[in-house]
Amino acid sequence: MRDLVVTENSTIDGVIELAGDWFSPGDSDPDVDLSDVLAALHEQRENADAFLLGRVTFEDMRGYWPKQTADTTGISAYLNSVSKYVVSSTLTEPEWENTTVLSGGVRSEIERLKAAEGKDIVTTGSISLVRALIAEGLVDEYRLFVYPVVAGEGRRLFEGATGVPKLRLVEERTFTSGIVLLRYRSSSE
């Protein structure tokens with residue numbers, strides 16, 4: 001069975017969605033060396049062959065990444081080629097190659113994806129979808145890139161979450177920028 005992995009950028013105070021903006025507290029300074037963070041993201045991409053998104057995040061990414069023809073990070077090439085799954089009851093034509101719209105119930109659609117052959121299924125952003133996945137007990141692993149900043153306000157990953165199983169830390173990695181990767185799995189595994 002494939003793992004469903006939630007990968008999120010987070011501030012120290014747990015904010016994953018800044019008020020009114022895409023999360024980018026660490027990459028706004030061109031002098032910050034993010035090469036080791038990009039290497040970690042590349043490593044994670046190699047272990048995943050499916051990308052799961054909610055409609056809003058999907059539309060934001062669809063409007064940006066396919067146009068990044070000079071992207072040297074490899075993110076654009078990966079996103080254009082990976083199998084993308086967007087959970088939406090309103091979207092009918094995804095207009096981005098290798099995209100499938102999932103319009104059924106979240107639990108049944110994700111259980112079907114997890115049961116299929118393949119590598120990890122990764123989701124990022126998509127806070128409403130991620131919270132639904134958490135509520136349904138479908139998340140196998142959390143990969144949190146914690147930035148050394150405090151936002152003070154914004155949407156938090158586990159805000160209002162109840163019934164989350166105890167988590168077990170399986171990796172912590174510090175990057176030269178001060179960003180820390182924390183990987184957690186359910187302690188029942």
Side-chain angles (χ1 to χ4, degrees), residues 2-12 15-88 91-102 113 116 118-130 133 139 141-149 151 154-155 157 171-183:
R2 299 161 87 181
D3 280 347
L4 176 61
V5 178
V6 170
T7 298
E8 298 287 356
N9 291 336
S10 176
T11 61
I12 290 173
V15 173
I16 65 166
E17 185 179 284
L18 299 176
D21 197 6
W22 191 279
F23 189 99
S24 59
D27 59 6
S28 56
D29 182 351
D31 295 328
V32 174
D33 178 11
L34 295 174
S35 60
D36 50 358
V37 174
L38 291 172
L41 290 171
H42 178 77
E43 178 184 312
Q44 290 184 35
R45 285 194 310 259
E46 292 298 313
N47 293 315
D49 62 0
F51 191 45
L52 178 66
L53 299 151
R55 183 191 52 81
V56 174
T57 302
F58 171 79
E59 288 177 341
D60 287 345
M61 288 188 160
R62 178 186 67 191
Y64 179 80
W65 285 108
K67 299 173 186 171
Q68 303 310 303
T69 56
D71 174 37
T72 59
T73 65
I75 296 171
S76 182
Y78 173 77
L79 290 175
N80 285 327
S81 65
V82 72
S83 295
K84 292 170 286 297
Y85 298 90
V86 57
V87 175
S88 175
L91 187 68
T92 55
E93 294 297 323
E95 300 172 12
W96 193 2
E97 61 194 335
N98 304 316
T99 301
T100 302
V101 177
L102 304 176
L113 279 178
K119 298 179 181 180
D120 290 344
I121 304 162
V122 175
T123 187
T124 191
S126 305
I127 192 166
S128 296
L129 172 61
V130 168
L133 297 169
V139 179
E141 182 169 317
Y142 298 90
R143 294 178 187 159
L144 307 176
F145 287 84
V146 182
Y147 284 68
V149 296
R155 295 172 77 187
L157 178 61
E171 180 185 6
E172 58 182 301
R173 189 182 327 174
T174 304
F175 301 103
T176 57
S177 60
I179 297 169
V180 176
L181 168 61
L182 300 173
R183 286 183 49 223

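By convention here, the first residue in the shown sequence is residue 1. Since we're looking at a predicted model, the values are computed, not measured.
- Between the Asn9 side chain and the Tyr147 main chain, no donor and acceptor come within less than 3.5 Å of each other.
- Atom CG of Leu52 is separated from atom CG of Leu133 by 6.0 Å, given to the nearest 0.5 angstrom.
- Rounding to the nearest 0.5 angstrom, the gap separating the CH2 atom in Trp65 from the OH atom in Tyr78 is 12.5 Å.
- Proximity of Val180 to Arg173: side-chain heavy atoms (C-beta onward) are nowhere separated by under 4.5 Å.
- Side-chain contact between Leu102 and Ser88 is absent, with no heavy atoms from C-beta onward closer than 4.5 Å.
- What you find for Thr11 and Ala151 is that their closest heavy atoms are CG2-CB, 3.9 Å.
- The CG atom of Leu41 lies 8.0 Å from the OG1 atom of Thr7; values are rounded to the nearest 0.5 Å.
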* Asked: Given the rule in the side chain to side chain contact (heavy atoms under 4.5 Å, CB included) test, do Val87 and Phe58 qualify, once you have shown the distances and angles that lead to the verdict?
  -> CA-CA 9 Å; Val87 175; Phe58 171 79; over 6 Å; no
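- Side-chain contact between Trp96 and Val86: absent, with no pair of heavy atoms (C-beta onward) separated by less than 4.5 Å.
- Of the inter-residue distances, the one linking Lys84 atom NZ with Met61 atom CE reads 10.5 Å to the nearest 0.5 angstrom.
- Partner of Tyr142 under the side-chain contact (heavy atoms from CB on, under 4.5 Å) criterion, out of Val5, Leu182, Val6: Val6 alone.
- With rounding to the nearest 0.5 Å, the separation of CD1 in Ile127 from CG in Leu157 is 7.0 Å.
- Between Gly54 and Ser126, the closest heavy-atom pair is N-OG, 2.9 Å.
- Considering all non-hydrogen atoms of both residues, Val15 and Gly154 come closest at CG1-CA, 3.8 Å.
- A side-chain hydrogen bond (donor to acceptor under 3.5 Å, both in side chains) with Arg183 is found for exactly one of Glu141, Glu172, Gln44, namely Glu141.
- Using a 4.5 Å heavy-atom threshold, the side chains of Glu46 and Glu43 count as separate.
- Between atom CZ of residue Arg55 and atom CG of residue Asp60 there is a gap of 9.5 Å, rounded to the nearest 0.5 Å.
- With a 4.5 Å cut-off on side-chain heavy atoms, Ile121 and Tyr85 do not count as touching.
- The 12-atom threshold is exceeded at CD of Gln68, counting heavy atoms of other residues, nucleotides or ligands nearer than 6.0 Å.
- Salt-bridge annotation for Arg2 and Asp49: present, with a side-chain N of the basic residue lying under 4.0 Å from a carboxylate O of the acidic one.
- A side-chain contact (heavy atoms from CB on, under 4.5 Å) with Arg45 holds for exactly one of Val82, Ile75, Val122; it is Ile75.
- The minimum heavy-atom distance linking Glu59 with Leu91 is given by the pair OE2-CD1, 3.9 Å.
- The shortest distance between side-chain heavy atoms of Asp120 and Arg143 falls below 4.5 Å.
- Proximity of Leu34 to Phe175: side-chain heavy atoms (C-beta onward) are nowhere separated by under 4.5 Å.
- Between the Asp33 side chain and the Ser177 main chain, no donor and acceptor come within less than 3.5 Å of each other.
- For the pair Arg62/Thr99, no side-chain contact is recorded, criterion being any heavy-atom separation below 4.5 Å from C-beta on.
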